[in-house]
Each structure stands twice: as structure tokens, then as C-alpha cells.
Amino acid sequence: MGKQHDDDEIEIDLWELFFALKKRILILLAALVAGALLAGAYTKLMITPIYSATSTMLVLTKETTLASLADLQIGSQLTQDYSMLITSRTVLQEVIDNLGLDMDYRTLESNISINNLEDTRILEITVTNPDPEMAKNIVDELSTVSSEFIGDQMEVVPPKIVEEGEIPEHQTSPSLSRNVMMGALLGFVLAAGVVVLLTIMDDTIKSEDDIGRYLGLPTLAVVPDRKDYITGKPAETKKKKKKKKRRKSR
């Protein structure tokens, strides 16, 4: 019996929360819209857009024959070594000096990502920068400098630059649509949380059920809240009606 009683109380509480949220649905929708607008404005005005430019390089061996399985395996292993050399301090510092960049090599390294496509000897070099044209210039210079550096240091055929970078037309980050959705969701959740918290903390007695819940006392009788009888308005209206009937009879 005790367990059943607890389940009933939980069910009643959940229904109470549901109706509390339903009653304030306009407030929740307003919070959702406000969160979306604030997130969109913050993204547009406060966050610097970042652009990405990508170039591709082909890893070559001394005897490049596409029909040779051993050559393909060796080339795939070399891509890991090449990735380390591309982001070496010597290469990055030369790129900084050639382009006159106002950053150190560690900052430049944090803006570089290298991806080796699976089962290929292709390296994708991606550079991010707030300036789309500068992103292209850096990735092109990085590809040229690293290709020459790899050829000299490893005494192999330098990696061939397959494609140079393009000036990006669309920003990589931040994502306006994603931030707007996250802001809308956050606003809705915060508003719903406030409503739920206020509902849970509200222990005022509103009905006879609340008496048993909060005070643990049985309800013996219920007195209806009839303010019209207290003010005496029905009595006055009855007297006026009687007077009108008397006048008509005369």
C-alpha cells in the first residue's frame, strides 16, 4: 500500500508539472525565441569567422609504379613521416618568414591539420585563418616549402602538389544555424527549469487534495468560494427585480 501511495503521489506531481508547463507555454516559446535571437546576434557580432583552405599532395617513392603493391604500401607508410615533417618548426618558420606572418610557429601549427585519405598516398593539408585569402596563401606556401624540405631531408622524390588551395567562400566556423538551435534549446530548457522549480517550491494550498498532501489531514467539508454572496450582489438584484414587477402591476 505504501508503495502504491508513493507512485500515486509521483504521478500527481508529474501531472502537476505538465499542467504548469502547459499553462506557461507562451513564456516557454518566448524564451525559445529569445535564446535563438541572442545566440544568433552573439555569433554574428562577437565571434570572428574562420575560413579553411585545403591543398593536396601525392606521396611518391623513388620507383613509382602504380601497379606495384609494395610501392603503395611504402607510400602509405611514408605519409606518416611526411605529416610530421610538414609541421616541423623549420618548415613552419620558413613559411612565416616568407609570408611575413605576425605569429610564431606554434600558433601556425595549431591552425594546420593534415589528413591522410584511407588506403591512398594522398595528403590533405588544411589551414584555417580569419582571412580567407590568407588561408589560401598559407596553405600554398606550406605545401611548396614542405615538399622541398621533405625531398632534401629524406632524399626522395619530393611530394607532388596535386591541387593548390582555393579562396574559401564560406566560413568553416562558427556555424550560425547550429548556434541558433543551441541557443533556442538552452532558452527553452532554462525557462522550463525555472517553471518546474517554482512549481515544486510552491507549497501553498489550492485545493482539498493539497490539504492531505501537505498537512496529512482528511478533508471533512468544502466551503465554496462564492464572493457574490458575500458582497450581497444577488440580494440587491432580487430586490430590484421585485420593485420592477410591482411597478408593472401598478
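Values in this document were obtained by computation on a predicted structure and should not be read as measured data.
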Verify same cluster id: Val196, Leu28 (apolar side-chain graph, 4.5 Å): yes
message: For Leu142, run the side chain to side chain contact (heavy atoms under 4.5 Å, CB included) check against Leu108, Asn137, Val95 and tell me which one passes.
response: Val95
- prompt: Which pairs pass salt bridge (charged side-chain N to carboxylate O under 4.0 Å, His left out) with one or both residues in residues 88-110, sequence neighbours excluded?
  reply: none
task: Any chance you could lay out the side-chain contact (heavy atoms from CB on, under 4.5 Å) test for Ser88 and Gln153, step after step, and finish with the verdict?
output: CA-CA 12 Å; Ser88 63; Gln153 295 297 318; over 6 Å; no
task: Please name all residues satisfying ring-ring contact (aromatic ring centres under 6.0 Å, His included) with Phe19, sequence neighbours left out, ordered by chain then number.
output: Trp15
field: Point-to-point distance, once rounded to the nearest 0.5 Å, from OG of Ser83 to CD1 of Ile112
entry: 11.5 Å
- request: Please check if atom CD in Glu133 has more than 12 non-hydrogen atoms from other residues, nucleotides or ligands closer than 6.0 Å.
  value: no
message: Using a 3.5 Å distance criterion without hydrogens, assess whether the side chain of Ser52 forms a donor-acceptor pair with backbone atoms of Thr172.
response: no
query: Looking at CD1 of Ile138 and OG of Ser143, how far apart are the two atoms once the value is rounded to the nearest 0.5 Å?
result: 11.5 Å
message: So does Pro159 get a backbone contact from the side chain of Ser147, meaning a donor-acceptor N/O pair under 3.5 Å?
response: yes
- prompt: CD of Glu148 to CD1 of Ile150: how many Å apart, nearest 0.5 Å?
  reply: 11.0 Å
- prompt: Mind checking whether Met134 and Leu101 have side chains closer than 4.5 Å, heavy atoms only?
  reply: yes
task: With the side chain counted from C-beta on, respond yes when Leu29 and Ile25 share a heavy-atom pair under 4.5 Å apart, and no when they do not.
output: yes
message: Rounded at 0.5 Å granularity, tell me how far CD1 in Ile47 sits from CG in Asn179.
response: 5.5 Å
query: Which of these passes side chain to side chain contact (heavy atoms under 4.5 Å, CB included) with Val195: Thr199, Leu198, Leu197?
result: Thr199
- prompt: Would you say Met181 has more than 12 foreign heavy atoms packed within less than 6.0 Å of its CE?
  reply: no
query: Counting distance only, does the side-chain N/O of Thr144 pair as donor-acceptor with the main-chain N or O of Asp140 below 3.5 Å?
result: yes
task: Evaluate side-chain contact (heavy atoms from CB on, under 4.5 Å) for Leu58 paired with Ile122, printing each intermediate quantity in order.
output: CA-CA 5 Å; Leu58 176 63; Ile122 300 294; 3.6 Å; yes
field: Heavy-atom check, side chain of Val91 versus side chain of Leu85, under 4.5 Å
entry: no
- prompt: side-chain contact (heavy atoms from CB on, under 4.5 Å) between Val180 and Thr43: does it pass, once the steps are laid out?
  reply: CA-CA 8 Å; Val180 167; Thr43 301; 6.0 Å; no
- request: Please report the shortest heavy-atom distance between Val127 and Ala135, naming the atom on each side.
  value: O-CB, 3.9 Å
